[in-house]
Amino acid sequence: MYRCNIIPMPNQLQPQSGFFAIPREGRLEDFVTRKIDTRITGAESYRLNIQPDGITLSAGTPRGLFYGAQSLRQLAATGLGRIPCVCIVDEPVYSYRAFMIDCVRHFFTVAELKKMIDAAALFKMNVFHWHLTDDQGWRIEIKKRPKLGEISSTRASSDFGGVHMAGPYGGCYTQEQLREIVAYCAERYIEVVPELDMPGHMTAALAAYPELSCTGGPFQVKTKQGIFKDILCAGKEETFRFLFDVLEEMLAIFPSRYIHIGGDEAPKARWKACPDCQARMRAEGLSNEQALQGYFMNRVIAWLRERGRLAIVWNESVRGGNLDASAVVQLWMDKNGECARWANGGGRVIASDYYHCYCDYPYAMTPLRKTYAYRPVPRGVREAGNIWGVEATVWTEYITTFARMSEMSYPRFAAVAEVGWTREERRNAASFERRFQLLTPVLAAVGVHPAAPQLWNPRPLTRLKGVAEFFLPKVPSMLSE
Ligand code: ACM
Ligand code: ZN
């Protein structure tokens, strides 16, 4: 049987007889004929033809050539000196295949992020969703709003339930560093989608600019996890001036067509009691605070659109019923079928369900096989084409080191990469696990060390114990706000 040691598994391949012997001297690339072939129309498609006397890699775009090169790199690394001949014709199912890193709860250096980017590129992911602002910190230098760097970037201590760190913790990427990451990603055909989370998850900014809240503050950068009541005021014009100042600098750094503007977990208690927010609702004819959030997001979406950009929002933002149709909705926790309704109404959805794609949760809760079995089309969707892609996330409340992030992310990020690329009937969990083990040295060579295989799919009792050990220490801090 022909074993194709590639992740993601190619969508079409034809085994051929014979082997290509990997030369002991010289570089493999010298035996590869690479060519742009405009008859290959998919922007991400490639053809890789391995014959005993040479290798041909063709694609309609440089991106396609890059993906073909990743496949070849994997075959060469796992081939024990020779590659079985094969003809691969490949292109992805989904055009949006993302990974997200939360650099707020814990800060990762540019060098560490580059390793994660190299790893994602190996598996043909094409979007780095960069979570840069939240209650517990602000990580983007904004020259027009210097207090974000001086005040919002640092919290007094860290107490995330199970993770306690005394003393100040922080960090803020300079604009030069942000551009360095954008350039590094671009060389690997990865687009950086930065996230400015609003109107909730903004306490760090409110610590510096309390006048943007409904009550006026004062606030401190949060030292705990949670969902916090104080959010940006939707009634004050100064809020929008602030957001547009920040976004203007972000757009100059991040050329991506899409900007993620958050919209998750924004409690409405302050808006209900705020005269400015209530006046806004009357003036705009909005019947409730969910619709006020729709208005809020729509103003930012309109501002972005005037500048040629589109927005991605988390799924809570559709609840007001008035979200601009151009927004892409990212599903993370949808108990009400709101993403299916959005897709059925013609809107686009990114699938990153909490129970499958959140790789900060222990393997006891989210075993590799559960992540791998993810079906991105939510129940009730009639037009699967509106499901635009998939995303794996790593939130970092409980992840304090790069080594820990690596083993929580991998192999689960690679599983999501395969879900995003490979047709469902060609996927197989046992085959994926076998291939991932063979490819672990390639991943290690870029500096990312995955979880050991015995941790991937714990037995039921081990799972129960692992879930209890993970959640019990966190209960007191979850109840504290
Ligand atoms: C989220 O996990 N709050 C998007
Ligand atoms: Zn208000």
Side-chain angles (χ1 to χ4, degrees), residues 96 98 100 102 129 131-135 193-203 205 212 214 227-235 239-240 243-244 246-247 250 256-272 277 280-281 284-305 309-354 357-358 378 380-381 386-389 391 393 395:
Y96 192 98
M100 191 214 81
D102 168 10
H129 169 186
H131 189 75
L132 285 161
T133 67
D134 215 303
D135 298 304
V193 172
E195 180 179 354
L196 176 65
D197 202 350
M198 65 182 79
H201 287 290
M202 262 286 172
T203 318
L212 306 179
C214 292
I227 299 172
F228 301 102
K229 287 199 196 79
D230 288 290
I231 66 176
L232 291 174
C233 178
T239 296
F240 295 96
L243 290 172
F244 299 152
V246 170
L247 283 167
M250 286 176 70
S256 56
R257 182 148 170 73
Y258 292 87
I259 303 291
H260 204 305
I261 58 171
D264 59 324
E265 298 180 322
K268 303 298 184 294
R270 296 288 188 250
W271 286 4
K272 283 190 205 301
C277 287
R280 175 81 76 193
M281 284 170 58
E284 298 291 333
L286 302 167
S287 55
N288 58 43
E289 286 74 19
Q290 296 289 4
L292 182 57
Q293 176 162 337
Y295 161 87
F296 189 110
M297 306 314 275
N298 287 349
R299 266 193 74 173
V300 178
I301 291 167
W303 186 93
L304 287 170
R305 205 164 44 200
R309 310 295 184 102
L310 295 170
I312 301 174
V313 298
W314 295 110
N315 61 257
E316 291 95 317
S317 296
V318 306
R319 289 182 191 160
N322 56 346
L323 185 70
D324 189 278
S326 70
V328 178
V329 173
Q330 182 166 3
L331 182 161
W332 76 277
M333 191 184 274
D334 175 9
K335 299 199 187 90
N336 311 312
E338 57 208 16
C339 290
R341 282 195 295 282
W342 187 255
N344 288 341
R348 275 177 304 164
V349 170
I350 297 163
S352 56
D353 178 69
Y354 173 92
C357 301
Y358 272 38
V381 168
N386 287 337
I387 307 306
W388 197 33
E391 180 169 316
T393 67
W395 301 91

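For reference, positions follow the sequence shown, starting with 1.
Taking every heavy atom of both residues into account, Arg305 and Leu310 meet most closely at CD-CD2, 4.3 Å. Here the closest non-hydrogen pair linking Gln293 and Gly263 is NE2-O, 2.8 Å. Pro199 and Ala266 make their closest contact through CG-CB, 4.0 Å (heavy atoms, listed as atom of the first residue, atom of the second, distance). Heavy-atom minimum distance, Gly337 versus Asp334: N-OD1, 2.9 Å. Heavy-atom minimum distance, Gly380 versus Asn344: O-ND2, 2.9 Å. The nearest pair of heavy atoms linking Thr239 to Cys233 is OG1-O, 2.8 Å.
Note that NZ of Lys335 and CD of Glu338 are 10.0 Å apart. Values are rounded to the nearest 0.5 Å. Atom OG in Ser317 sits 9.5 Å away from atom CG in Asn298 (nearest 0.5 Å). With rounding to the nearest 0.5 angstrom, the CZ atom of Phe228 is 5.0 Å from the CG atom of Asp135. Rounded to the nearest 0.5 Å, atoms CD1 (Ile261) and CD (Glu195) are 10.0 Å apart. Rounding to the nearest 0.5 angstrom, the gap separating the NE2 atom in His129 from the CD atom in Glu391 is 5.5 Å. Note that CE of Met250 and CD1 of Ile259 are 5.5 Å apart. Values are rounded to the nearest 0.5 Å.
Residues Ile301 and Leu323 have side chains in contact (heavy-atom distance under 4.5 Å, counting atoms from C-beta outward). Residues Asp264 and Asp197 are in side-chain contact: their nearest non-hydrogen atoms beyond the backbone lie under 4.5 Å apart. Two residues are said to be in side-chain contact when any heavy atoms from C-beta on lie closer than 4.5 Å; Gln330 and Cys339 fail this criterion. Taking the side chain as every heavy atom from C-beta outward, Met202 and Leu196 approach each other to under 4.5 Å. Considering only heavy atoms from C-beta on, Ile350 comes within 4.5 Å of Val328 through its side chain. Annotation: side chain of Tyr354 is not in contact with side chain of Leu331 (no heavy-atom distance under 4.5 Å). Annotation: side chain of Pro267 is in contact with side chain of Ile231 (closest heavy-atom distance under 4.5 Å). Side-chain atoms of Trp314 and Met333, non-hydrogen and from C-beta on, never get closer than 4.5 Å to each other.
None of Lys272, Arg280, Arg319, Arg270 except one satisfies the salt bridge (Lys or Arg N to Asp or Glu O under 4.0 Å) rule with Glu289; the exception is Lys272.
The aromatic rings of Trp271 and Phe296 sit parallel to each other, their planes meeting at less than 30°, with 60° as the upper class boundary. Note: Trp395 and His131 have perpendicular aromatic rings, judged against thresholds of 30 and 60 degrees for the angle between ring planes.
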Going through the checks in order, is the side-chain contact (heavy atoms from CB on, under 4.5 Å) test met by Val349 and Val381? CA-CA 11 Å; Val349 170; Val381 168; over 6 Å; no

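The cationic group of Arg299 lies under 6.0 Å from the six-membered ring centre of Phe240 and within 45° of the ring axis, placing it in a cation-pi geometry.
Side chain to side chain, Trp332 and Glu316 meet the donor-acceptor criterion of an N or O pair below 3.5 Å.
When atom types are taken as modelled, the side chain of Asp324 and the backbone of Ser326 share a donor-acceptor pair closer than 3.5 angstrom.
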